[in-house]
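Values below: all heavy atoms of this structure, side chains included; hydrogens, waters and symmetry mates excluded. What you see is a predicted model; the values in this text were computed from it and never measured.
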Amino acid sequence: MDLTEFGAHLEELQAGEKSKDDVILRALRDINPSSKHFSGAIALLTRKPFDDIGVGKKSLRKLATTCFDVTHDELRDLEREYGDLPSAIGHVDLKTNTLTLKRKITLGELYDDLEYLRRTSGPEQKRRMKEMLGYDSPKWVAHAMLGKKGVSLGVGEKSVVKTLAIENGYDEHRKLLSLNPDVTTLCHKLTSPDTDPRSEPGVGHPFLPMLAKSKEVPPDPDGDWMIQPKYDGARILVHIKNGELRRAFSRNANRVDESLPELREFVDDVFATGDWILDGEAIPYKDGERQPFQAIMTRFGRQEAVDEQEIDVEFKFFDLVYGGGVCATYPGDLSNETASRRIHLLRVLFGPEQEYVAPTYRPDTHEKLNEYYQSFLDDGLEGAVVKHVDAPYEFDRRSPNWRKMIPTKENVELRITAVHEGENSNAGKVGGMKLETEDGVPVGHVGGGMEGHSGIPWEERDDIIDKIVEVSWRELQENDDGTYALRFPSLEGFRADKDEADSLDKILSA
DNA sequence: CGCGCCCTGTGGGGCCAAAAT
DNA sequence: ATTTTGGCCCCACAGGGCGCG
């Protein structure tokens with residue numbers, strides 16, 4: 001199976017006329033599941049495995065102008081016309097290379113090339129990318145290099161896994177993906193008769209954690225709901241083997257133990273034995289004071305070992321996914337136990353060290369629930385998470401059994417001072433707007449929201465400059481250099497009736 | 001048959017590292 | 001030396017497709 005041939009299947013998905021399940025199954029039918037070709041096919045379909053290799057649209061655009069007879073602006077025009085960068089590149093290629101016979105590559109070769117791009121960077125990466133754009137066909141080469149920023153197929157890792165799982169007689173496909181977050185390996189296992197994917201959590205094996213639903217009405221507490229604080233930090237899943245830290249993972253199953261050296265000290269202090277998987281939050285502190293969310297980000301993605309910390313990190317754990325290796329009370333996988341049982345076991349496990357456990361209450365009236373929630377807000381916390389006492393641990397699911405309680409967002413009126421163009425399906429439309437208060441203080445940008453997608457044509461961009469928009473937001477961030485930005489902004493609508501924005505003071509006092 | 005859920009794909013801020021300028 | 005770029009963490013929101021009551 002070469003890339004040109006496989007590209008025909010991808011074209012069908014992009015056109016979106018036929019059943020996606022059928023296309024996926026037909027595309028993979030003749031590929032040996034244990035081969036590298038299969039890995040390449042999965043990468044092209046899901047766009048996940050190579051989403052992080054360091055190739056983005058801006059650098060690919062620039063490279064394309066050196067490989068093909070096209071200027072940057074012409075390329076942007078073609079993107080508007082054909083909907084995305086790979087399609088634009090494919091079109092340029094057809095126009096300019098009608099005579100030369102291009103080398104066809106197999107999906108396995110493409111996979112090796114992508115692995116090479118991951119290992120390299122800078123000029124060497126660029127050199128190989130240039131070579132790859134010479135293959136047949138460059139559209140799908142570009143798609144593979146861009147990962148999630150490639151062609152919008154309307155198919156992602158979940159659809160592909162679901163299709164393959166059903167076809168091969170597995171149910172609970174979402175749980176399978178959560179427990180096997182490496183989508184390539186999972187697809188190999190789903191389609192090979194002699195191997196089964198992981199179906200239970202295990203120490204050392206990453207998984208995608210349970211998530212809380214937002215914008216859900218707080219439940220009527222009848223004794224069946226628990227409330228815990230919501231901390232403004234980073235999610236961590238801590239895996240402990242024989243009482244020692246094995247690994248820790250982020251919400252998206254990336255390794256984070258190197259970024260949080262105090263995790264090892266914490267585990268050494270608290271645990272003597274047993275196998276555990278803890279679910280919790282890493283929270284930034286400094287001199288005993290809670291720090292804004294950005295402080296925790298100084299820890300991630302660091303190359304040098306984090307030894308001299310500018311900030312402290314504290315841990316609060318709110319669930320126990322796995323407990324084993326000590327006694328019959330902890331049988332191993334706890335995900336099918338009730339939430340109240342898991343939290344009970346978590347408390348027992350920590351014994352006298354309860355400061356590491358998120359405080360958990362079980363109010364029986366709405367008034368008491370709100371009292372706890374209000375007390376969390378008074379303590380400067382982000383809000384609360386309300387959990388059903390009988391809920392199992394639902395992997396990778398925004399479950400109504402976990403509900404966020406967060407203060408309603410504030411609204412503010414701001415002036416548009418600049419706009420920028422949207423990407424992909426939003427090409428040729430306004431994608432985002434720069435905002436300012438009446439006193440001329442920039443407060444960041446807004447892009448998401450109802451008006452953002454109904455689409456202001458790019459040609460009409462000048463008409464909305466200086467107009468007033470209403471924007472909802474949760475928090476105003478003040479940076480070290482004195483600049484401000486709204487956190488979680490979204491557009492509520494245009495205020496044609498207004499010609500004045502709100503002042504910075506009004507936002508600060510909200 | 002309509003509603004709600006799931007999934008994908010838009011958009012935001014700030015932090016990091018490395019490349020580009 | 002500074003700016004740009006892409007990836008990571010935290011998100012909000014919209015629309016299509018599909019399943020279920």
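Proximity of Arg235(A) to the phosphate of dC9(C): no side-chain N or O atom is located under 4.0 Å from OP1 or OP2. At dT10(B), one or more side-chain N or O atoms of Ser152(A) fall inside 4.0 Å of OP1 or OP2 (strictly under the cut-off). For dT10(B), one of the phosphate oxygens OP1 or OP2 lies less than 4.0 angstrom from a side-chain nitrogen or oxygen of Asn424(A). The phosphate of dG11(B) has neither OP1 nor OP2 within less than 4.0 Å of any side-chain N or O from Lys429(A). For the pair Asn252(A) and dC8(C), the criterion of a side-chain N or O lying under 4.0 Å from OP1 or OP2 is not met. A sub-4.0 Å separation between OP1 or OP2 of dG13(B) and a side-chain N or O of Arg487(A) is absent. For Ser425(A), no side-chain nitrogen or oxygen approaches OP1 or OP2 of dG9(B) to under 4.0 Å. Using a 4.0 Å cut-off, no side-chain N or O of His420(A) falls inside it from OP1 or OP2 of dT10(B). The phosphate of dC15(B) (OP1 or OP2) has no side-chain N or O of Thr298(A) nearer than 4.0 angstrom.
In this model, a donor atom of one side chain and an acceptor atom of the other lie less than 3.5 Å apart for His205(A) and Arg198(A). Between the side chains of Asp279(A) and Tyr393(A), at least one donor N or O lies within less than 3.5 Å of an accepting N or O. Between the side chains of Lys130(A) and Gln125(A), no donor N or O sits under 3.5 Å from an acceptor N or O. No side-chain donor from either of Glu314(A) and Tyr231(A) sits under 3.5 Å from a side-chain acceptor of the other.
Rounded to an integer number of Å, the gap from Asp232(A) CG to dC11(C) P is 7 Å. The interatomic distance linking Glu475(A) (CD) with dA12(C) (C1') rounds to 15 Å, in whole Å. Put simply, CZ on Arg299(A) is 16 Å from P on dC10(C), counting in whole angstrom units. One can place CG of Asp84(A) at 15 Å from C1' of dT8(B), the figure rounded to the nearest angstrom. Distance CG (Asn411(A)) to P (dC13(C)): 10 Å, rounded to an integer number of Å. When rounded to the nearest whole Å, the span between CG of Leu476(A) and C1' of dG14(B) equals 14 Å. Atom NZ in Lys18(A) sits roughly 22 Å away from atom P in dG16(C) (whole-Å rounding). The CG-C1' distance, from Asn426(A) to dC13(C), rounds to 12 Å in whole Å.
Arg255(A) comes within 4.0 angstrom of nothing in the nucleic acid, heavy atoms only. Among the protein residues, Ile296(A) comes within range of no part of the nucleic acid, since none of its heavy atoms lies under 4.0 Å from any strand.
Partners of Phe249(A) by ring pair (Phe, Tyr, Trp, His ring centres under 6.0 Å), not counting sequence neighbours, listed by chain and number: His239(A).
Candidate nucleotides dC13(C), dA17(B), dC10(C) were compared by shortest atom distance to the side chain of Arg251(A), and dC10(C) ranks first. For Phe300(A), the listed nucleotide lying nearest its side chain is dC9(C); candidates were dC9(C), dC10(C), dA19(B). Relative to the side chain of Phe293(A), the nucleotides dG14(B), dA12(C), dG13(B) differ in distance, and dG13(B) lies closest. Nearest to the side chain of Lys404(A), among dA19(B), dA12(C), dC10(C), sits dA12(C). Which of dC11(C), dG12(B), dT10(B) sits closest to the side chain of His445(A) comes down to dG12(B). The side chain of Ala485(A) lies closest to dG13(B) when the candidates are dC13(C), dG13(B), dA20(B). Here the side chain of Met297(A) is nearest to one of dC9(C), dT10(B), dG7(C), namely dC9(C). When distances are taken from the side chain of Gln294(A) to each of dG9(B), dC15(B), dA12(C), the shortest belongs to dC15(B).
Comment: Glu394(A) does not engage Arg174(A) in a salt bridge, judged by the lack of any side-chain N to carboxylate O separation of less than 4.0 angstrom. Remark: Lys48(A) engages Glu157(A) in a salt bridge, criterion side-chain N to carboxylate O under 4.0 Å. One finds a salt bridge joining Glu11(A) and Lys139(A) here, because a Lys/Arg side-chain nitrogen approaches an Asp/Glu carboxylate oxygen to under 4.0 Å. Comment: Arg415(A) does not engage Asp439(A) in a salt bridge, judged by the lack of any side-chain N to carboxylate O separation of less than 4.0 angstrom. Salt-bridge formation is detected for the pair Asp396(A)/Lys158(A): a Lys NZ or Arg NE/NH1/NH2 atom is positioned less than 4.0 Å from an Asp or Glu carboxylate oxygen.
A residue-by-residue look at Gly154(A) and Gly301(A) shows that Gly154(A) has its nearest nucleotide of DNA chain B further toward the 5' end. For Val155(A) and Asp480(A), each mapped to the nucleotide of DNA chain B holding its nearest heavy atom, the one lying further toward the 5' end belongs to Val155(A). Comparing Ser19(A) and Glu281(A) by the nucleotide of DNA chain C that holds the closest heavy atom to each, the one mapping nearer the 5' end is Glu281(A).
Contact of the Lys387(A) side chain with the Trp402(A) side chain is registered, since non-hydrogen atoms from C-beta on lie closer than 4.5 Å.
Near DNA chain C, meaning a heavy atom under 4.0 Å away, the residues from residues 46-64 of chain A are Asp51(A), Asp52(A), Ile53(A), Gly54(A), Val55(A), Gly56(A), Lys57(A), Lys58(A), Ser59(A). Against DNA chain C, the stretch residues 157-176 of chain A makes no heavy-atom approach under 4.0 Å.
Just one of Lys149(A), Lys58(A), Lys57(A), Lys148(A) meets the salt bridge (Lys or Arg N to Asp or Glu O under 4.0 Å) condition when paired with Glu423(A); it is Lys57(A).
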